[in-house]
Amino acid sequence: MASIADYYAGKSVLITGATGFMGKVLVEKLLRSCPHVRALYLLVRPKAGQSMQERVSDMMKCKLFDRVREDNPDFHQKIVPISSELIQPGLAIGPEDKETLTSCINIIFHCAATIRFDEPLKHALQLNVMATQQLISLAQQMPHLQAFIHISTAYANCNRRHIDDIIYPPPVEPKKLIDSLEWMEDSIVRDITPRLIGDHPNTYTYTKALAECVVQKESSKLSIAIIRPSIVGASWQEPFPGWIDNFNGPSGVFIAAGKGILRTMRANNDAVADLIPVDVVINLTLAAGWYTAVHRPKAALVYNCTTGGINPFHWGEIGMFLFSFKRNPLEQAFRRPNANITSNYLMNQYWILVSHRFPALLYDLYLRLSGQKPQMMRIFNRLHKAIGLLEYFSSQDWEWNSENMNMLMSHLSPEDRKVQYLQPRPSTYHTAMIATSLQTFSSRHSTLMCVS
Ligand SMILES: CCCCCCCCCCCCCCCC(=O)SCCNC(=O)CCNC(=O)[C@H](O)C(C)(C)COP(=O)(O)OP(=O)(O)OC[C@H]1O[C@@H](n2cnc3c(N)ncnc32)[C@H](O)[C@@H]1OP(=O)(O)O
Ligand SMILES: NC(=O)C1=CN([C@@H]2O[C@H](COP(=O)(O)OP(=O)(O)OC[C@H]3O[C@@H](n4cnc5c(N)ncnc54)[C@H](OP(=O)(O)O)[C@@H]3O)[C@@H](O)[C@H]2O)C=CC1
């Protein structure tokens, strides 16, 4: 059977979300480990005054692409940016571009999504569900398509404790929900959102669950796989250890703690912190693309991409790393860092009052008296909102079944297992990830986390 790199040779690949955290790593790995891939078509929108071409060429200058650049200085010739706004009808792809895509694409990787936990429901539905539906409609017009790989999240079914690698029935029929919200004013949708999402913690996990159902509906017509990563962290090995470009999840907590702002947070010290390195997720994604295209499974296969079952790491252990900030605070720290993790709600509220609100009040008073604009209370209000949204995930435990991931691994040749490694050794990974993250945060330019 063809190796993974052999399979991708000569193939045209369509990627959404290529400018995002995981999308960039996917583009890089494809170019580096599958050097004979024919072309990567990236659906990109113009943003912040930059055209899509400017955005893509800026992206390719990033340090992440150094190794690809070394191997093949002309790698950019394989990248074809296509203008697309995924929440517009027809994904806002021009007729000529559409013709090109339908005539040549062999594999689709759908990474784009809004990952914000506070996204208004209508927007989260438009991007995470309706855009997925539209992309599937486009995929159905592609005669040479061999695999459609949808990136979901391990938390799409976080209202369950044990999560199998199956697609669960939707909390509501996605089409009915979309139709009924269409005519409603945004303020009404906002008011009824908690009732609609029910036992989901936010609109993100809710809409990702709905998107899986949309994908499943088409699984008899297309060869589909769903990848469900847990909390995606910095790279473990490739293209170099410690690469990350965002403040999501634990990263934002580290920075706030390192600056002495965050001094208390609710987390269950004994609960598993299911972090997975971005390079492992991308390796699994590429391997799943290969397997889906070569074996053409009849129904969509779901890959839970998690680490907790292999060698669990706990929030308490991550909390220990926060102590290192005591000796090495980040620059311009508000106070000497001393973050405390507790599972006790009342204790946390007490420390919020004593260690967050009270010092903020005093500092704002000082700013006012010295003729400056008060700002600390505003910062803390934002921080409290953010950690309030994260606490759901750091206070509970989940158990994921990884049968399909093990099955996939058993199908890889020894050579592919080396290139597309699928299992990090968590103790090694977590220590390395946190150490490199802390190193970056401690560096002078800690706003962009690009560690070498
Ligand atoms: C022991 C330890 C316990 C740890 C305990 C952690 C638990 C961690 C559980 C996660 C569990 C995920 C489980 C689902 C995993 C998925 O399936 S997908 C990934 C999950 N998604 C996320 O993590 C996104 C969550 N974040 C959000 O929803 C929003 O960021 C929040 C929390 C609502 C905050 O929104 P906001 O206040 O509007 O701030 P935001 O827009 O994020 O940032 C504003 C600006 O500040 C910057 N910024 C943000 N944070 C910082 C920072 N710390 N420093 C400097 N600048 C910052 C941003 O880059 C942004 O800059 P611009 O882009 O505007 O230039
Ligand atoms: N990060 C994590 O911890 C986890 C992520 N996931 C899943 O992985 C996938 C990728 O996540 P991640 O890379 O972290 O997310 P990012 O937020 O970093 O990237 C999101 C991507 O989607 C694109 N996008 C958003 N809105 C639109 C739009 N309207 N039209 C076109 N493109 C759009 C963004 O483009 P632009 O640059 O133009 O904004 C960006 O490329 C998502 O499906 C997410 O649910 C799953 C588990 C964990």
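Just the heavy atoms: all of them, side chains too, but no hydrogens, waters or symmetry mates, feed the values below. Just so you know, ligand 1 is whichever comes first in the structure, and atom 1 is the first atom listed for that ligand.
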[X] N/O under 3.5 Å from ligand 1 N/O:
X: Leu389; value: no
X: Ser394; value: no
X: Pro250; value: no
X: Trp315; value: no

Which option, [options], owns the non-hydrogen atom nearest [atom]?
atom: atom 43 (O) of ligand 1; options: Glu317, Glu391, Arg382, His314; result: Arg382
atom: atom 21 (C) of ligand 2; options: Gly23, Ser251, Gly17, Ala131; result: Gly17
atom: atom 7 (C) of ligand 2; options: Pro229, Ala156, Ser152, Ser230; result: Ser152
atom: atom 59 (O) of ligand 1; options: Tyr392, Phe247, Phe21; result: Phe247
atom: atom 31 (C) of ligand 2; options: Leu86, Asp245, Thr205; result: Leu86
atom: atom 41 (O) of ligand 1; options: Glu119, Lys385, Arg116; result: Arg116
atom: atom 16 (C) of ligand 1; options: Phe117, Tyr204, Tyr155; result: Tyr204

Polar contact flag for [X] and ligand 2 (N/O pairs, less than 3.5 Å):
X: Tyr204; answer: yes
X: Ile115; answer: no
X: Gly20; answer: yes

For the rings on Tyr155 and Trp400, is their centre-to-centre separation under 6.0 Å?
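For Tyr155 and Trp400, the ring centres are under 6.0 Å apart.
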Side chain, backbone, both or neither: Ala267 near ligand 1, heavy atoms under 4.0 Å:
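Within the 4.0 Å criterion, Ala267 makes no contact with ligand 1.
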Which bit of Met265 gets closer than 4.0 Å to ligand 1, counting heavy atoms only: side chain, backbone, both or neither?
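The side chain, only.
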Ion pair present between [X] and [Y], side-chain N to carboxylate O less than 4.0 angstrom?
X: Arg67; Y: Glu238; answer: no
X: Glu212; Y: Lys208; answer: no
X: Asp364; Y: Arg378; answer: no

Is [X] touching ligand 2 with its side chain, its backbone, both, or neither, if touching means heavy atoms under 4.0 Å apart?
X: Arg55; result: side chain
X: Met22; result: both
X: Val44; result: neither

Within the structure, is a non-hydrogen atom of [X] found at a distance of less than 4.0 Å from ligand 2?
X: Thr114; value: no
X: Tyr155; value: no
X: Lys24; value: no
X: Asn246; value: no
X: Ile151; value: yes

Taking only heavy atoms of Gly252, which atoms of ligand 1 are found under 4.0 Å from at least one of them?
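Reading through ligand 1 atom by atom, the close ones are 53 (N).
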Give the C-alpha distance, both sets of side-chain angles, the deciding distance and a yes or no for side-chain contact (heavy atoms from CB on, under 4.5 Å) between Phe393 and Asn202.
CA-CA 11 Å; Phe393 300 95; Asn202 53 49; 3.8 Å; yes
Taking all non-hydrogen atoms of both residues, which atom of Arg228 and which atom of Ile167 are closest, and how far apart?
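Arg228 and Ile167 have their closest heavy atoms at NH2-CA, 4.0 Å.
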Inspect the surroundings of NZ in Lys122 and state if more than 12 heavy atoms from other residues, nucleotides or ligands are less than 6.0 Å away.
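More than 12 within 6.0 Å, yes.
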With a sphere of 6.0 Å drawn around CD of Gln349, does it hold more than 12 non-hydrogen atoms of other residues, nucleotides or ligands?
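More than 12 within 6.0 Å, yes.
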Is Lys24 close enough and on-axis enough to Phe65, meaning under 6.0 Å and within 45°, for cation-pi?
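No, a cation-pi geometry is absent between Lys24 and Phe65.
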Please check: side-chain N/O of Ser33 versus main-chain N/O of Leu30, any donor-acceptor pairing under 3.5 Å?
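No, because the side chain of Ser33 does not come within donor-acceptor range (under 3.5 Å) of the backbone of Leu30.
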